[in-house]
Amino acid sequence: MSPSDVTDRLGLSLTESSTTGDKDLQRADGCGRIVLSGSDNGTRIEDVFERFPIRVMFPRNGSSAMEEAVLINTAGGIAGGDRLECSVTALPGASIAVTSQTAEKVYRALDAPARVATTLKAHESARLAWLPQETIVFNAARIHRTTEIELFAGAQLLALEWLVLGRAAHGEIVVAGSVSDGWRVKKDGRLIWADSFRINDEIFVHLNRKALLSNFNSIATLIYFGPDLDRRLEFLRETLSSLGCDCALTLVSGLIVVRFAAKQCSDLKLALRSFLQQFEPEVGSGPFRVPKMWLC
């Protein structure tokens, strides 16, 4: 049963006015910050800061080397009016993959959007992979998400963000709400790529048009910055045909940008896992692989 069916059965309306708004309720204001550097013994933690409901963990799986950082939202999801910030800085020599404990859920908002801000910095000779699990948007949810990246010559970065509109296994259909998802990438202080994706209440009714999302409910954007871009672009073009979902890529301003789209989240997840499994041997050992938390 979709959320709209539930509200109809309860005699509620998604647009009915209320004297209580998101700003009148208790909302989360969380922050997580990680700073890492390279050393003779591998990647070293220089600074960690966390404020509820964000937690930062560094699980190790039978190895003394630190390979992965995991972000946890202990609130169990995101509500309208929440503010969450995350910052990851990879100093020279650092090599780390940052992921999330599970899929993030964005619940119905009363009137205010949730705001999620991610800042990534990869200094020279650093290798940083930002590979969170999916963000699931529920009916009438409102989220404003920004991903700002600062790159320096000699760094390598792989960054992913993906959105799922409703849970297909529950028969959910998203017909209202607001989604804003923006990227800003700078290299040596100069803006080299900007991208924005926006949906609001007026657009949702037209979302299945071919010029928009057609019949896709799960979408992802992935970018790569590093050496040998032309060769890796050709390698990835040959790889995409085996992924089992709609995808395409391009090279723009020194970045490889890949788009993925699928009807169901499970298909998109399989495609992304296959992509990372095939890409890892191309770039060598390091953080550009399927995160262990994806397999839990």
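If you're wondering where the values come from, they're calculated on a predicted model, not measured in any experiment.
No side-chain donor-acceptor contact under 3.5 Å links Asn200 to the backbone of Ser178. With Asp22 contributing its side chain and Asp111 its backbone, the two residues share a donor-acceptor pair below 3.5 Å. Within the 3.5 Å criterion, the main-chain N or O of Pro53 finds a donor-acceptor partner in the side chain of Thr74. In this structure a side-chain-to-backbone donor-acceptor pair under 3.5 Å is missing from Asp246 to Ala261. For the pair Asp82 (side chain) and Ala28 (backbone), a donor-acceptor distance under 3.5 Å is present.
Checked against Glu134 for a salt bridge (charged side-chain N to carboxylate O under 4.0 Å, His left out), the options Arg167, Lys269, Lys105 give a single hit: Lys269. Under the side-chain contact (heavy atoms from CB on, under 4.5 Å) test applied with Val56, the options Ile72, Val98, Leu71 reduce to a single match, Leu71. No option in Leu236, Thr239, Val258 other than Leu236 meets the side-chain contact (heavy atoms from CB on, under 4.5 Å) test with Phe279.
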For side-chain hydrogen bond (donor to acceptor under 3.5 Å, both in side chains), just list the numbers for Glu104 and Thr135, CA-CA rounded to whole Å, side-chain angles, deciding distance to a tenth of an Å, and then say yes or no. CA-CA 5 Å; Glu104 190 64 271; Thr135 296; over 6 Å; no
Begin from the C-alpha positions of Glu161 and Trp130 and carry the test side-chain hydrogen bond (donor to acceptor under 3.5 Å, both in side chains) through to its verdict. CA-CA 8 Å; Glu161 287 290 4; Trp130 173 258; 3.0 Å; yes
Could you go through Asn139 and Ile173, starting from their C-alpha distance and side-chain angles, then the distance that decides it, and tell me whether this counts as side chain to side chain contact (heavy atoms under 4.5 Å, CB included)? CA-CA 7 Å; Asn139 196 36; Ile173 301 175; over 6 Å; no
Mind running side chain to side chain contact (heavy atoms under 4.5 Å, CB included) on Leu272 and Leu268 for me, showing each step along the way? CA-CA 6 Å; Leu272 290 171; Leu268 180 57; 4.1 Å; yes
Could you give me the CA-CA distance, side-chain angles and deciding distance for Arg33 and Asp47, then say whether salt bridge (Lys or Arg N to Asp or Glu O under 4.0 Å) is met? CA-CA 8 Å; Arg33 182 178 68 242; Asp47 182 42; 3.0 Å; yes
Given side-chain hydrogen bond (donor to acceptor under 3.5 Å, both in side chains), test Arg259 with Thr221 step by step and report yes or no. CA-CA 5 Å; Arg259 307 284 197 184; Thr221 296; 2.7 Å; yes
Evaluate the criterion side chain to side chain contact (heavy atoms under 4.5 Å, CB included) for residue pair Glu68 and Phe58; output intermediate values, then yes/no. CA-CA 6 Å; Glu68 195 169 294; Phe58 297 92; over 6 Å; no
Run the side chain to side chain contact (heavy atoms under 4.5 Å, CB included) check on Asn73 and Gln101 step by step: do they pass? CA-CA 8 Å; Asn73 179 2; Gln101 180 192 33; over 6 Å; no
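With a 4.5 Å cut-off on side-chain heavy atoms, Arg145 and Leu163 count as touching. Considering only heavy atoms from C-beta on, Ser253 stays 4.5 Å or farther from Leu191 through its side chain. Within the 4.5 Å cutoff, the side chain of Met66 has heavy atoms near those of the Ile96 side chain. Put simply, the side chain of Thr89 does not reach to within 4.5 Å of the side chain of Leu36, judged on heavy atoms. Looking at Glu150 and Phe152, their side chains come closer than 4.5 Å, going by heavy atoms from C-beta outward. For the pair Val164/Asn217, no side-chain contact is recorded, criterion being any heavy-atom separation below 4.5 Å from C-beta on. Put simply, the side chain of Ser218 does not reach to within 4.5 Å of the side chain of Gln264, judged on heavy atoms. With contacts defined as side-chain heavy-atom distances shorter than 4.5 Å, the pair Phe260/Phe275 qualifies.
In terms of hydrophobic clustering, with Ile, Leu, Val, Met, Phe, Trp and Tyr side chains grouped at heavy-atom distances under 4.5 Å, Leu128 and Phe288 are assigned to different clusters. Leu249 and Leu160 fall within the same hydrophobic cluster, defined by Ile, Leu, Val, Met, Phe, Trp and Tyr side-chain heavy atoms under 4.5 Å apart, directly or through other members. Both Val106 and Leu165 belong to a single network of hydrophobic side chains, linked directly or stepwise wherever heavy atoms of I, L, V, M, F, W or Y lie under 4.5 Å apart. Under the 4.5 Å side-chain contact rule for hydrophobic residues, Val175 and Val137 do not share a cluster. Note on Trp162: it clusters hydrophobically with Leu240, by side-chain heavy-atom contacts below 4.5 Å among ILVMFWY residues.
Atoms CG and OH, on Leu251 and Tyr224 in that order, are 11.5 Å from each other to the nearest 0.5 Å. A distance of 5.5 Å separates SG in Cys86 from CD1 in Ile34, rounded to the nearest 0.5 Å. In this structure, Trp294 CH2 and Gln133 CD are separated by 7.0 Å, a value rounded to the nearest 0.5 Å. Ile223 CD1 to Ile256 CD1: the interatomic distance, rounded to the nearest 0.5 Å, is 10.5 Å. Here CD of Glu238 is found 10.5 Å from CG of Leu233. Values are rounded to the nearest 0.5 Å. Residue Cys31 holds its SG atom at 5.5 Å from CZ of Phe49, rounded to the nearest 0.5 Å.
Open room surrounds CZ on Arg198; 12 or fewer heavy atoms of other groups in view lie less than 6.0 Å from it. More than 12 heavy atoms of other shown residues, nucleotides or ligands fall within 6.0 angstrom of atom CZ in Arg231. For Arg83, the CZ atom is loosely surrounded, since the number of other residues' heavy atoms within 6.0 Å does not exceed 12. The number of heavy-atom neighbours closer than 6.0 Å to CG of Asp230, taken from other residues, nucleotides and ligands shown, is 12 or below.
With respect to the salt-bridge test (charged N to carboxylate O, under 4.0 angstrom), the residues Glu67 and Lys292 qualify. A salt bridge does not link Arg232 to Glu234: none of the charged side-chain nitrogens sits closer than 4.0 Å to a carboxylate oxygen. Remark: Arg115 does not engage Asp29 in a salt bridge, criterion side-chain N to carboxylate O under 4.0 Å.
Here the shortest heavy-atom pairing between Gly286 and Arg127 reads CA-NH1, 3.6 Å. Residues Pro287 and Ser95 approach most closely at CD-OG, 3.2 Å, considering heavy atoms. Scanning all heavy atoms of the two residues, the minimum distance from Ile143 to Pro113 falls at N-CB, 4.4 Å. For the residue pair Val70 and Ser100, the shortest heavy atom distance occurs at CG1-C, 3.9 Å. The shortest non-hydrogen separation linking Arg142 to Ala112 is CB-O, 4.2 Å. Gly81 approaches Arg27 most closely through the heavy-atom pair O-CB, 3.8 Å.
Using a 3.5 Å distance cut-off with no hydrogens or angles, the side chains of Thr147 and Arg184 do not pair a donor with an acceptor.
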